[in-house]
Amino acid sequence: MQATFVPYPPGRTVTIINVLDEASDEPAPGYVEFELGGTKHRLDAVGDDDGLFFVLRDATAGDTTYRPAASCTSRRSPSPASPSSST
């Protein structure tokens with residue numbers, strides 16, 4: 001799958017809820033945008049120069065997958081507005 005990284009202005013954060021139902025504000029350097037099934041999607045990224053972390057939750061959460069959320073990481077932060085691949 002190909003996605004494009006779009007940076008946010010410095011200082012932006014997103015709230016992450018952990019498995020203990022506690023909230024923490026984490027730095028959000030940007031988001032990735034991709035197309036799946038003919039529909040554009042966007043995921044906020046959490047992370048730094050070492051890589052990006054994505055938290056995902058859908059209708060299967062707690063049924064066929066881990067209840068709080070699923071996650072994936074990138075090995076490194078992509079260049080702004082450049083397509084990057086992920087598997």
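Heavy atoms only: backbone and side chains are in, while hydrogens, waters and symmetry mates are out.
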Asks: Compare every heavy atom of Pro29 with every heavy atom of Ala45, then report the nearest pair and how far apart it is.
Replies: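 Nearest heavy atoms, Ala45 then Pro29: O-CD, 3.4 Å.
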
Asks: Side-chain contact test, heavy atoms from C-beta onward, threshold under 4.5 Å: evaluate it for His41 versus Glu33 and give yes or no.
Replies: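 No, too far: nothing below the 4.5 Å cut-off.
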
Asks: Side chains of Glu22 and Ser24: donor-acceptor distance under 3.5 Å anywhere?
Replies: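 Judged by distance alone, the side chains do not pair up.
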
Asks: Where do Ile16 and Val46 land on the side chain to side chain contact (heavy atoms under 4.5 Å, CB included) test, with the steps shown first?
Replies: CA-CA 9 Å; Ile16 302 293; Val46 176; 3.9 Å; yes

Asks: Would you mind reporting whether Val14 and Asp25 have side-chain heavy atoms less than 4.5 Å apart?
Replies: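 No - every pair of side-chain heavy atoms lies 4.5 Å or more apart.
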
Asks: What's the shortest heavy-atom distance between Tyr8 and Arg42, and which atoms?
Replies: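 In this case the closest contact between Tyr8 and Arg42 is OH-NH2, 3.0 Å.
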
Asks: Would you compute the distance between atom CG of Leu52 and atom OH of Tyr31 and round it to the nearest 0.5 angstrom?
Replies: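 If we round to the nearest 0.5 Å, Leu52:CG and Tyr31:OH are 14.0 Å apart.
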
Asks: Heavy atoms, side chains only, cut-off 4.5 Å: are Phe54 and Asp44 in contact?
Replies: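 They are not in contact (no side-chain heavy atoms under 4.5 Å apart), so the answer is no.
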
